[in-house]
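Letters A, B, ... are given to chains in the order of the sequence lines, protein chains preceding strands, and every chain is numbered from 1.
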2 protein chains.
Amino acid sequence: MTPNKTTLSTIAKDLNVSVSTVSKALANSPEISSKTRKKISAYAKESNYSPNILASSFRKGSTKTIGLIIPNITNPFYAKVFVGIEKYLDEKGYKLIASISNDYLEKEIKNISIMSSGFVDGLIVCVSKEAEQKKEYRHINSLINNRIPLILFDRVCDEIYCDKVITDNFQAALDATEYLIKHRKCRHIVMTSKTNNLHHLKLRKKGFEQAIDKHKATVKSSIILAEKSNILRQKLENALRDDSSIDGVFGLNEKSVLHATLSINKLKKTDKEVSITGFCNDLQSKYNSSLIVINQNPKEIGKESARLLLDRIKSGNLISDFCTKIIDVDLT
Amino acid sequence: MTPNKTTLSTIAKDLNVSVSTVSKALANSPEISSKTRKKISAYAKESNYSPNILASSFRKGSTKTIGLIIPNITNPFYAKVFVGIEKYLDEKGYKLIASISNDYLEKEIKNISIMSSGFVDGLIVCVSKEAEQKKEYRHINSLINNRIPLILFDRVCDEIYCDKVITDNFQAALDATEYLIKHRKCRHIVMTSKTNNLHHLKLRKKGFEQAIDKHKATVKSSIILAEKSNILRQKLENALRDDSSIDGVFGLNEKSVLHATLSINKLKKTDKEVSITGFCNDLQSKYNSSLIVINQNPKEIGKESARLLLDRIKSGNLISDFCTKIIDVDLT
DNA sequence: CTGAAAGCGCTAACAT
DNA sequence: ATGTTAGCGCTTTCAG
């Protein structure tokens, strides 16, 4: 019933040549005369031969495949990082396989261990919320110990020695906040965020605070936090209604910006009255053209991560000269 | 420098047992005494052993990995299908690897051929726009000929014989349009869409038209098409401004709904004046709570696709009894 | 209970 | 230009 799979050896038998001749012919080796090469290629195509990549990767000890571990694929930031990585790898003849941790440590450990046990030549990782909050990095360090080429992006930590690709969260937050102050003449800016203690969010908060501090003579600030999106939005709407001095909102992450926009809309405030900025990589959400947001250039982050990884793999040096690349943001 | 990788055979040597004993012990085979089993497990952990999955998959002829090919990961519909598949497979001890075609045929062919050449035990595919438009399905049919278990979802075609998971696009469009007519009392509904001739979009259009036809005594319709999002939006805004009889918009896909919402917002129309509906799987976009959209339940589509695929793999029957599963939508 | 041995399909050094 | 051979790490009969 199932047609017997064609392999190098079945072709060899059928054509009365050796397996190695077939192998070399199909690899277009100049060792083989063009006549037999053509004959073999033709027969291979005809008999629907497709090489067993597993066998070949196994033999060669390399899969030409890179693994990506991300917390969440529905967040446009990660989705675009994915795209950036994919594109670069494709150009370089590498494949990409992805797994999502859903921000759970256990899932992340499992996915990493599966991938690193032979499936991939290297890994690009953004650690889960849980891993970062618990400061649980043993699984990451074990990759390094096992000499698995590794790039960390976005959520990184100083305790891990490897190449990293990040945004300058502090500076970006500072710049965007100052933009509100200088160009939009905001005098009371609310920072909104989900409550959580992720490192990069802390940096963003510091950037915001520093900007406020620089202009403390004329500008005041408030902070609105909530665990859940709808609560956050409710709190913001209340604040906007109750305190008419609020004329700016700084959203610490994707969702905060989105919800701020929606709240303003709902209250029928114009962007003259309340200006919004924040971290937002989803230009679709930027439907108000006067809205200026921080675009982290996720595709560039992906591309750079992939580039660093392939460089590292090529160099063979897996233990020193690690670098941390900062990708510039756009205020768009 | 690089620590010699521990393998079954290094463990065997170190412990003065045979390779097969180690293999069985680590697989918790009852053939091995619990004493040696413990000794071997302990030593394996201590020496940081991680099995070479490539070798094992190669040997066993199965990778316990499923491949997913999607056109685009930044579309929330596909992102959520991804999540649904991932979750189900995880529960069943399978892994998922994903590739995106960017809606290009060439990319899709390449990804499928890589994956199907040993990396995966089965494939879940949503064909690229280009493949559908060119009706180029040879690469898909070659999977079937090669007995690679395959599920198609969302964009499917009758000419391919395999299991499929779809939305009843016609019915969903009809219901949503009737909702506008009956519950929102709309009397002039505009259908907006990117110009393109994808099969599932045609079905949606037919559903819309049928609803209009059913109520043709009292309801009229218009159609606005454009290649690019911003043009589409511009056209819609013009129409809304020029023709005050328009009181409903039906968006044929994710972006159409989004842009309709934005346009209405920009024109400061209330949802009393103009009601919107359409296909939209991104609840974030549904920031107007009175907006009722068609949620295709993408996670469910993913789950069902994965379930059908594993069933098919288990059954071993790769040539008959194919089914097409329709996943119910929600009007939310 | 443990071991010996074959072999999955492919590549690559080493003949010829 | 073509063939021979060894072996990647693992699983799995089959023997002991």
Side-chain angles (χ1 to χ4, degrees), chain A residues 2-41 43-44 47-65 113-114 116-121 146, chain B residues 2-41 43-44 47-65 113-114 116-121 146:
Chain A
T2 305
N4 281 324
K5 189 89 178 107
T6 17
T7 67
L8 290 191
S9 91
T10 66
I11 297 181
K13 205 172 292 169
D14 293 354
L15 259 41
N16 276 312
V17 291
S18 77
V19 178
S20 67
T21 302
V22 180
S23 171
K24 287 170 188 163
L26 292 176
N28 274 318
S29 157
E31 270 186 63
I32 305 298
S33 77
S34 81
K35 192 169 146 241
T36 38
R37 230 189 302 163
K38 273 174 197 154
K39 188 180 65 177
I40 291 174
S41 308
Y43 188 76
S47 55
N48 221 333
Y49 171 73
S50 88
N52 183 330
I53 302 233
L54 224 54
S56 136
S57 301
F58 170 47
R59 174 60 233 256
K60 290 199 280 197
S62 149
T63 61
K64 285 274 190 180
T65 301
S113 100
I114 289 168
S116 62
S117 66
F119 268 114
V120 301
D121 292 350
N146 285 317
Chain B
T2 305
N4 281 323
K5 187 94 174 109
T6 19
T7 68
L8 290 191
S9 91
T10 66
I11 297 181
K13 205 171 293 168
D14 293 355
L15 258 40
N16 275 311
V17 290
S18 76
V19 177
S20 63
T21 303
V22 179
S23 171
K24 287 169 188 165
L26 293 176
N28 273 318
S29 157
E31 269 187 66
I32 306 298
S33 77
S34 80
K35 193 169 148 241
T36 37
R37 231 189 300 163
K38 273 174 196 154
K39 188 179 66 180
I40 291 174
S41 309
Y43 187 76
S47 56
N48 223 333
Y49 170 72
S50 88
N52 184 329
I53 303 235
L54 226 53
S56 135
S57 301
F58 170 47
R59 175 60 231 258
K60 290 199 279 196
S62 149
T63 61
K64 284 274 190 179
T65 301
S113 100
I114 289 169
S116 62
S117 67
F119 268 116
V120 301
D121 293 349
N146 284 317

Could you give the CZ-to-P distance, from A:Phe58 to C:dG7, as a whole number of Å? 16 Å

Assign A:Ser57 to base, sugar-phosphate, or nothing according to its heavy-atom contacts below 4.0 angstrom with the strands shown. nothing

Look at all strands and tell whether B:Ser23 reaches a base, only sugar-phosphate, or nothing, counting heavy atoms closer than 4.0 Å. base

By side chain to side chain donor-acceptor pair (under 3.5 Å), B:Thr21 pairs with (sequence neighbours left out) B:Ser18

Test item: A:Ser57 side-chain N/O and A:Ile53 main-chain N/O as donor-acceptor pair under 3.5 Å: yes

Can you sort out which residues in residues 28-35 of chain B have a heavy atom within less than 4.0 Å of DNA chain C? Ascending by number, please. B:Glu31, B:Ile32, B:Ser33

Using only side-chain N and O atoms of B:Tyr49, determine if any of them is under 4.0 Å from OP1 or OP2 of D:dG9. no

Considering residues at least two apart in sequence or located in another chain, which fulfil the ring pair (Phe, Tyr, Trp, His ring centres under 6.0 Å) criterion with A:Phe119? none

In whole angstrom, give the distance that lies between atom CG of A:Leu54 and atom C1' of C:dC8. 10 Å

side-chain contact (heavy atoms from CB on, under 4.5 Å) assessment of B:Leu15 paired with B:Ile40: CA-CA 8 Å; B:Leu15 258 40; B:Ile40 291 174; 3.9 Å; yes

Between D:dT12 (P) and B:Leu8 (CG): distance, integer Å: 12 Å

Distance in angstrom units between A:Lys60 NZ and D:dA6 P, rounded: 23 Å

Under 3.5 Å, is there a donor-acceptor pair between the side chain of A:Thr10 and the main chain of A:Thr6? no

Residue pairs fulfilling salt bridge (charged side-chain N to carboxylate O under 4.0 Å, His left out) with at least one residue in residues 9-23 of chain B, sequence neighbours excluded: none

Specify the separation, in whole Å, of atom CG of A:Asn52 and atom C1' of C:dG7. 14 Å

Quiz question: going by heavy-atom distance under 3.5 Å, is there a donor-acceptor pair between the base of D:dG3 and the side chain of A:Lys24? yes

Once you round it to whole Å, what is the distance between P of C:dA12 and CG of A:Leu26? 14 Å

Given B:Leu54 and A:Thr63, is the side-chain contact (heavy atoms from CB on, under 4.5 Å) satisfied, shown in steps? CA-CA 9 Å; B:Leu54 226 53; A:Thr63 61; 3.7 Å; yes

Using heavy atoms and a sub-4.0 Å distance, could you list which residues of residues 11-22 of chain A are near DNA chain C? By number, please. A:Val19, A:Ser20

Considering only residues two or more places apart or on different chains, which pairs with a residue in residues 17-38 of chain B satisfy salt bridge (charged side-chain N to carboxylate O under 4.0 Å, His left out)? B:Lys24-B:Glu31

Is the side chain of A:Ser23 donor-acceptor paired with the backbone N or O of A:Val19 at a distance under 3.5 Å, no angle test? no

Which nucleotide in the set C:dG9, C:dT2, D:dC10 lies at the smallest distance from any side-chain heavy atom of B:Thr7? D:dC10

